[in-house]
Amino acid sequence: MIRFLRSHYWLTGLFAILALLLVLTKIIQPEYGASGLDSLARAALPFAFAAAAQTVVVIAGGIDLSIASMMAVTSVTAAVMMDGSSEQYAIFVVVFVLCLGALMGTINGLLIVLTRVPDIVVTLAMLFVWEGVALMILKAPGGAAAEWLKGLLVGPLSIPGIPASVTVWFPKSLILLAVCLMVVWIPFRRSRFGLSVYAIGSNSLAAFRTGVAVNRVKVGAYAMAGLFAAMGGLVLTMSTGIGAPIPGPYLLASVAAVVLGGVVLGGGRGGLLGPIVAVFILRLVRTDLTFLAVDPNITTIVEGTIMVVVVMIGGLLAVRGRRS
Amino acid sequence: MANEPLLEASGVVKSFGAVLALRDASMQVAAGEIVALMGANGAGKSTLVKILTGAIRPDAGQIRIRGRDHRVHSPAEARQTGLVPVYQEPSLIPDLDVAANLRLSETPVEPFLKWVEELGISGLRLDEPVHRLPLATLRILDLARALASEPDVLLLDEMTAALPTDLVERVLKVVRRQCELDRSVIYISHRFSEISSLCDRATVLRDGLTVGTVDVGPGSEERIVEMMLGAPVKSTEEIVRATGQSLPVQTQETPRLRVRNLSSGTKLSDVSFEMRSGEVLGVVALEGQGQDELFEVLAGFERPTGGHIEIDGRDVRFHHPADAIAAGHVYVPGDRADALLMQRSVRENIALPFYARPARWGNINMGAEKTRVDGAIDRLQIDTRAQGEVQRLSGGNQQKVTIARWIAAGVRTLLCFDPTRGIDIRTKREIYPLLRELAAQGSSVLLYTSELEEVQLACDRAVVIFNGRVVDIIDAQDADEPTLMRAAYGLTNGSAGERAGDNAEEPRP
Amino acid sequence: ASDYTIGVSNTVQGNGWREEMVCAMKAQAKASGKVKSLNIAHRNTDAAGQLEDIRNLIEAGVDAIVVNPANPEGINAAIKEATDKGIVVVAVDQAVTEPSAYVLSNNQEEYAYLGAKWLFEEIGGKGSVVYMRGAAGAAADDDRDKGFKRALAEYPDVKVAHEVFTGWQQDQGKQQILDYIATGIPFDGVWTSGIDNVIVDAFVESDVPLVPIVGADNAGFVGQLNSVDGLVGAAVTNPGSVGGAGVTLAIQLLDGDKPDAQTVLVDPQLWENKTDEGKAQLAAAADPSLDPEWPVSIMIPGWTTYSKDDIIACKGPGE
Amino acid sequence: MTMPAQDDLSIAKRVRRFLRDHPLVPLVVLLIGLVVVLEIMRPGIFNERWIGNTIKFAIPLAMLAACQTLTMLTGGIDLSVGIAATISAFVVATQVAILGTPGAIAVSLIPAVMIGIANGIGVGLFRVHPLIMTLGTGLIGTGCLQVYQRTVIATGSSVPEILAWLGTGRTYGAPNSLLVFLPLAALIIYALRRTGFGRLLYAIGENEDAARLAGVRSWQVILALYALSGLIAGITGLIYVGLIKAPSLSLAVPLLLPSVAAAVIGGTSIFGGRGTYSGTIVGALILTVLTTMLTVLQMPEGSRRIMFGLIILVVTAVYVRITEDS
Ligand SMILES: Nc1ncnc2c1ncn2[C@@H]1O[C@H](COP(=O)(O)OP(=O)(O)OP(=O)(O)O)[C@@H](O)[C@H]1O
Ligand SMILES: Nc1ncnc2c1ncn2[C@@H]1O[C@H](COP(=O)(O)OP(=O)(O)OP(=O)(O)O)[C@@H](O)[C@H]1O
Ligand SMILES: [Mg+2]
Ligand SMILES: [Mg+2]
């Protein structure tokens with residue numbers, strides 16, 4: 001246990017901060033409870049998927065600036081396809097859009113590998129390309145989402161046999177997030193592909209010498225990022241009920257969450273849980289600031305300060321952890 | 001070895017931009033044979049290994065295995081054809097643990113562990129992240145991994161350079177056993193003792209050209225050296241004797257460096273010794289006895305948890321390497337990658353310490369810089385053909401750059417951690433006199449070396465460290481290999497601690 | 001009694017128009033004397049982020065929410081949740097399609113139609129114009145495009161020489177018009193979606209003859225219409241003070257006064273500097289003390305009750 | 001055994017080697033290529049006025065990109081420059097009536113430098129990741145600007161003459177902003193090549209441990225670096241407000257992403273240790289010309305953006321092909 005805590009000091013610290021913030025929230029707003037948790041989870045969803053997407057490529061030693069744009073493409077595609085179509089058709093739409101995301105990610109990855117242009121430049125260029133594609137699909141916010149899809153995010157999970165007073169603490173959106181991430185992440189971590197992603201991020205020359213097909217793994221990592229981005233785009237459509245072609249504020253947020261979450265820019269180190277917890281922390285900070293009815297301009301200052309201070313404390317803890 | 005060669009390379013050419021690394025390299029290896037690949041730093045040995053194992057592609061040339069054309073595009077493919085390398089740089093993934101590294105290379109765990117044991121590493125944890133392991137262990141793991149895949153041809157590129165003597169013995173034993181199984185080994189090392197005890201033949205490269213193959217036997221060493229360097233050379237002893245007469249010791253003189261009861265963490269406990277100006281003091285220790293920590297404390301990287309450091313009789317405390325440097329303590333680390341800016345030029349690497357202080361952040365006097373840098377390059381005879389980026393230099397030349405920097409910047413106490421690791425015989429013959437010369441000019445040198453024979457060649461005295469303590473201090477003339485070895489294993493007769501303590505108080509003449 | 005708490009949600013930060021809107025809300029809340037506190041969520045985000053903000057406001061227990069929606073449909077779910085809990089929701093500036101919300105919106109389509117029609121009339125019903133839109137993919141831009149196209153359809157001889165998106169950014173608009181001027185292709189007028197004063201500057205700096213320019217009632221542009229020699233143009237009002245009106249409506253609803261219609265559209269006015277009447281309007285409206293990005297129509301008669309000093313002080317109740 | 005002589009190389013190889021050793025040359029060639037394409041698309045656009053405008057708009061971008069280049073050399077990044085520049089611009093425009101031009105300019109640079117120092121302290125001493133640190137100070141700066149804005153709404157704003165003259169004016173056809181930019185660019189290029197500070201930036205970016213081993217206290221370098229970055233951002237804000245003449249609350253914020261892009265297109269590595277400022281300047285020019293292309297292209301906005309992205313990609317791909325080893 002101690003050994004685990006020490007080797008995961010960053011994650012432990014993040015959880016501690018999250019717990020602290022939850023307590024703080026309860027103090028500020030004594031009524032904060034299940035419904036607050038529900039809206040927190042719903043708010044965190046798109047950020048969480050964006051962070052997951054960024055996490056994969058950052059671990060692989062890259063960076064993807066086109067995540068928010070890919071989310072926009074998948075969001076408008078889903079909204080346009082579901083507009084005026086049947087509820088069952090939406091199942092096909094979901095599958096299609098997930099494939100589309102993986103395809104876009106694959107294109108990003110292939111371009112990086114084939115052109116040998118640095119990741120940041122390629123994905124910067126693709127940021128514009130995917131944005132353009134989203135605009136071509138939908139000129140202005142519009143489209144629709146199937147009701148059952150929208151319903152997936154609303155309210156608590158109901159499990160027969162378990163009293164509502166318990167299930168109320170399990171918002172469907174949180175469960176959806178956990179399921180979607182685990183379905184992809186757990187097999188990923190167990191597979192040789194997952195190892196290879198860490199390997200190329202850690203030291204791509206050594207990985208090549210060990211027998212990793214560096215380029216193929218890189219493309220795979222980007223494809224996976226595309227898949228997560230598609231999930232993010234889908235939840236955007238599910239929560240707003242429409243598709244919007246302008247990318248939301250998910251790019252910088254995803255990078256911030258990844259760094260806060262203890263994933264090392266440059267590759268090779270970190271996991272998925274850290275960035276996800278970081279996303280929840282950032283969302284909860286915003287909730288608290290709203291509850292406190294702080295002057296909106298001060299809010300921005302407070303948000304910036306908290307972000308910096310959290311990382312500073314994290315850094316100090318990390319140094320302590322290493323010393324002891 | 002009359003039978004058809006297992007591996008045959010001929011006419012291999014490879015250039016890196018302007019640098020022609022291999023002009024016309026060729027070699028043959030028969031089954032069950034251990035062939036040494038010899039050559040000075042930058043001769044092209046590593047390049048040839050990389051080409052044979054598919055890590056880079058040759059510009060021209062032919063490679064055959066069992067008479068068939070051998071075209072591999074990656075080390076993974078090469079492994080399938082039975083060619084398994086241990087490259088000069090560690091090839092494990094630093095951020096993964098050992099087990100994950102094995103899974104990644106599809107190495108069976110059981111044989112791997114067996115080899116690790118056999119190679120003398122005990123208590124290896126498979127869930128340990130690789131970046132926490134010491135360099136020597138990494139080299140052993142690299143080798144164990146290669147052995148576990150039961151290669152037909154094992155290519156070892158300076159496998160032993162970073163290893164302490166005890167581990168080297170183990171490695172040699174294991175490698176020797178390979179040929180009993182009718183497997184072949186291509187063995188690269190700059191240590192002739194290893195070559196003569198291990199190899200059947202030696203293929204010699206000079207400037208990317210295979211200049212010949214020699215059967216290894218008594219007296220072949222001189223021939224090999226001559227072929228490597230293209231000219232007959234004086235023996236090491238001659239050179240060292242010529243420059244390095246031990247100074248008469250004046251007991252009254254305040255020592256340049258005096259270390260009292262120094263400790264750091266769990267590894268270093270209670271080390272005391274003195275070093276005088278003009279002295280080359282050797283440090284001898286087995287792997288992981290606290291020598292790393294000693295050097296880090298003396299160089300200002302770590303703060304000691306106890307004890308005192310005195311320079312010229314004054315107590316000092318280093319909070320940062322800069323403090324140490326200001327006090328004239330400079331450090332040449334064992335791993336050159338720690339010290340170099342691989343993408344920058346030789347010149348910038350050497351000049352780096354000049355500009356460390358904010359007062360020197362301004363304009364650079366390019367002329368004066370060039371003079372100083374060129375002086376150091378000349379003095380160490382650095383091959384600067386690929387000077388635009390240090391990463392293009394061969395390993396040995398990189399090592400020289402790390403020393404040249406301090407020759408140029410000025411030094412009073414040089415802390416050298418295994419400076420001849422991976423350095424060819426010619427360069428070694430330059431470095432020993434250089435250290436002696438520095439000492440003769442009034443500097444002092446603390447020299448950790450993993451090659452025990454160097455102690456007598458370069459040092460005045462040697463401090464032996466075992467389990468974080470000084471167990472013995474031996475004069476150079478008494479420091480033959482068996483004596484040092486025994487001391488290093490903590491087998492000195494008498495109360496070692498007391499003797500060391502006495503020594504610190506009152507240096508022996 | 002001053003005991004209402006009103007929540008505000010806004011998704012664009014760092015833009016003069018929105019700043020004015022927020023200040024109008026604060027000033028009106030204070031002037032009404034019925035609001036205990038304003039709880040303002042104000043940042044750059046999208047519809048999903050606005051959903052989060054509205055839900056946080058619901059959790060915070062506000063009585064009413066005045067929202068400038070990121071788009072007409074995207075935040076319906078949260079609005080419904082609010083109104084289900086008995087919270088009054090008023091959408092300002094931009095309409096929402098959720099029927100339980102009240103809407104007090106600037107008529108964006110009319111904004112574009114009015115200005116474009118004047119411009120086409122001004123150039124004699126024929127010629128070519130540069131069409132400088134807002135941000136691609138934004139709902140308001142789409143609405144304005146409908147109005148512009150409607151006017152265009154009425155003038156078959158008017159062509160769009162060039163259509164660009166300024167992203168509602170001053171620097172981008174200026175570079176775009178300078179680039180276009182540099183191509184040397186002649187054009188007869190410019191319609192802008194509110195990035196206006198930099199366009200006039202660009203003409204003046206490039207030393208090319210001015211053409212008729214349509215913009216919004218931003219203080220900078222209104223000043224230029226009054227002072228720049230040879231500039232013929234028109235400002236179409238697009239009051240940021242609609243925020244204050246939204247607060248008034250919310251208070252009325254909380255007091256139990258239902259308005260006649262669920263949706264109230266504030267129709268724009270056009271002030272041109274061709275006629276004496278128009279010149280007088282512009283001269284009266286001009287206010288050099290305002291930030292050039294602030295619309296000069298800082299009040300909406302019948303809806304807002306604060307003074308100019310109040311909105312400039314930008315202080316809400318209890319501040 | 002033949003000895004392939006070093007000079008026995010085909011012309012193609014020699015050209016390649018030349019281009020590789022002078023990576024600025026292909027970048028400039030690409031820039032010229034883009035201008036030619038633009039001229040073909042819109043004949044007549046390549047005139048003195050257009051060149052002047054392009055340079056005018058490229059200068060603020062290149063200056064902010066200088067902040068990115070310098071910080072990226074050490075493996076950092078400065079995401080606060082957009083807001084730092086905006087703050088300087090806004091402060092100068094609102095303070096000029098009160099303090100007079102010189103006073104306003106001096107005062108306006110203070111917040112920018114303070115943001116820089118805060119970044120330097122966070123990154124250099126507390127080891128906060130530069131991305132988070134500068135993102136955070138950027139947010140803090142944004143909030144402070146909004147609060148400040150509240151206090152000065154009534155004072156009105158005006159752009160000082162001298163800044164307008166610098167930003168928009170021309171002398172003998174050349175934009176006046178060159179008067180500020182050329183010395184600054186020369187200084188940066190010189191500093192990177194010929195000063196100890198420049199050497200240390202590369203050294204820290206490539207291998208901080210090695211720098212430390214050589215006696216460098218990296219926090220000193222980092223602190224000075226980010227403060228400098230803040231100062232350059234502040235000066236950029238002044239030039240930019242002279243050019244746009246509308247001090248808005250987000251004036252230079254849209255330049256942030258392009259400033260990063262200009263640096264990376266110009267060959268600077270975000271992981272540190274590699275890059276030159278001359279490359280960045282050409283990168284900024286390329287981006288500015290591309291923006292013009294985007295403006296004059298007559299096609300739907302969606303396809304326009306796609307084109308923009310693809311051109312960036314093709315340009316850098318060609319550049320990489322030309323300059324890479326063997
Ligand atoms: N990637 C590269 N780019 C440019 N030059 C290179 C590169 N790799 C090797 N070289 C050059 O090729 C030559 C041969 O290098 P190589 O590493 O094969 O030498 P070596 O014989 O292994 O030397 P050492 O004993 O020091 O390890 C050297 O001059 C070196 O500078
Ligand atoms: N002169 C000084 N003034 C203030 N703080 C200092 C000073 N010298 C060292 N420190 C403190 O000591 C710590 C180490 O900083 P120092 O510059 O010595 O190391 P460094 O070069 O940044 O290398 P590293 O961060 O890897 O230890 C800093 O975080 C700082 O808090
Ligand atoms: Mg080698
Ligand atoms: Mg330190």
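Residue numbering restarts at 1 for every chain, and letters A, B, ... go by the order of the sequence lines. Values in this document were obtained by computation on a predicted structure and should not be read as measured data.
We find the CD-CD distance between A/Glu131 and D/Glu301 to be 8.5 Å, quoted to the nearest 0.5 Å. Taken from OG1 in D/Thr316 to CG in A/Leu124, the straight-line distance is 9.0 Å, to the nearest 0.5 Å. Rounding to the nearest 0.5 Å places OG1 of A/Thr123 at 10.0 Å from CG of D/Leu313. How far CG of D/Leu256 is from CG of A/Leu252: 7.5 Å, rounded to the nearest 0.5 Å. Atom-to-atom distance recorded for D/Ile306:CD1 and A/Met126:CE is 9.0 Å, nearest 0.5 angstrom. A distance of 10.5 Å separates CD1 of A/Ile298 from CD of D/Gln146, quoted to the nearest 0.5 Å.
Of all residues spanning residues 254-267 of chain A, those with a heavy atom less than 4.5 Å away from chain D's heavy atoms are A/Val255, A/Ala256, A/Val259, A/Leu260, A/Leu265, A/Gly266, arranged by number. Using non-hydrogen atoms only and a strict 4.5 Å limit, no part of residues 283-296 of chain D faces chain A. For residues 130-139 of chain D, a heavy-atom distance under 4.5 Å to chain A picks out D/Leu131, D/Ile132, D/Met133, D/Leu135, D/Gly136, D/Thr137, D/Leu139, given by residue number.
The minimum heavy-atom distance linking D/Ala317 with A/Val117 is given by the pair CA-CG2, 3.4 Å. Across all non-hydrogen atoms, the minimal contact from A/Pro118 to D/Val320 is CD-CG2, 4.4 Å.
Comparing A/Gly132, A/Pro245, A/Ala134 by how many heavy-atom pairs each has under 4.5 Å with chain D, the most go to A/Gly132. Note: D/Ile270 leads D/Val318, D/Ile270, D/Ile311 in heavy-atom pairs under 4.5 Å with chain A.
For D/Arg321, the part lying under 4.5 angstrom from a heavy atom of chain A is the side chain only. With a 4.5 angstrom heavy-atom cutoff, A/Ile137 does not touch chain D via any of its atoms. Looking at D/Leu257, the atoms closer than 4.5 Å to chain A (heavy atoms on both sides) all sit in the side chain, from C-beta outward.
Judged as a ring-ring contact (aromatic ring centres under 6.0 Å, His included), and not counting sequence neighbours, the contacts of D/Phe308 are A/Phe128.
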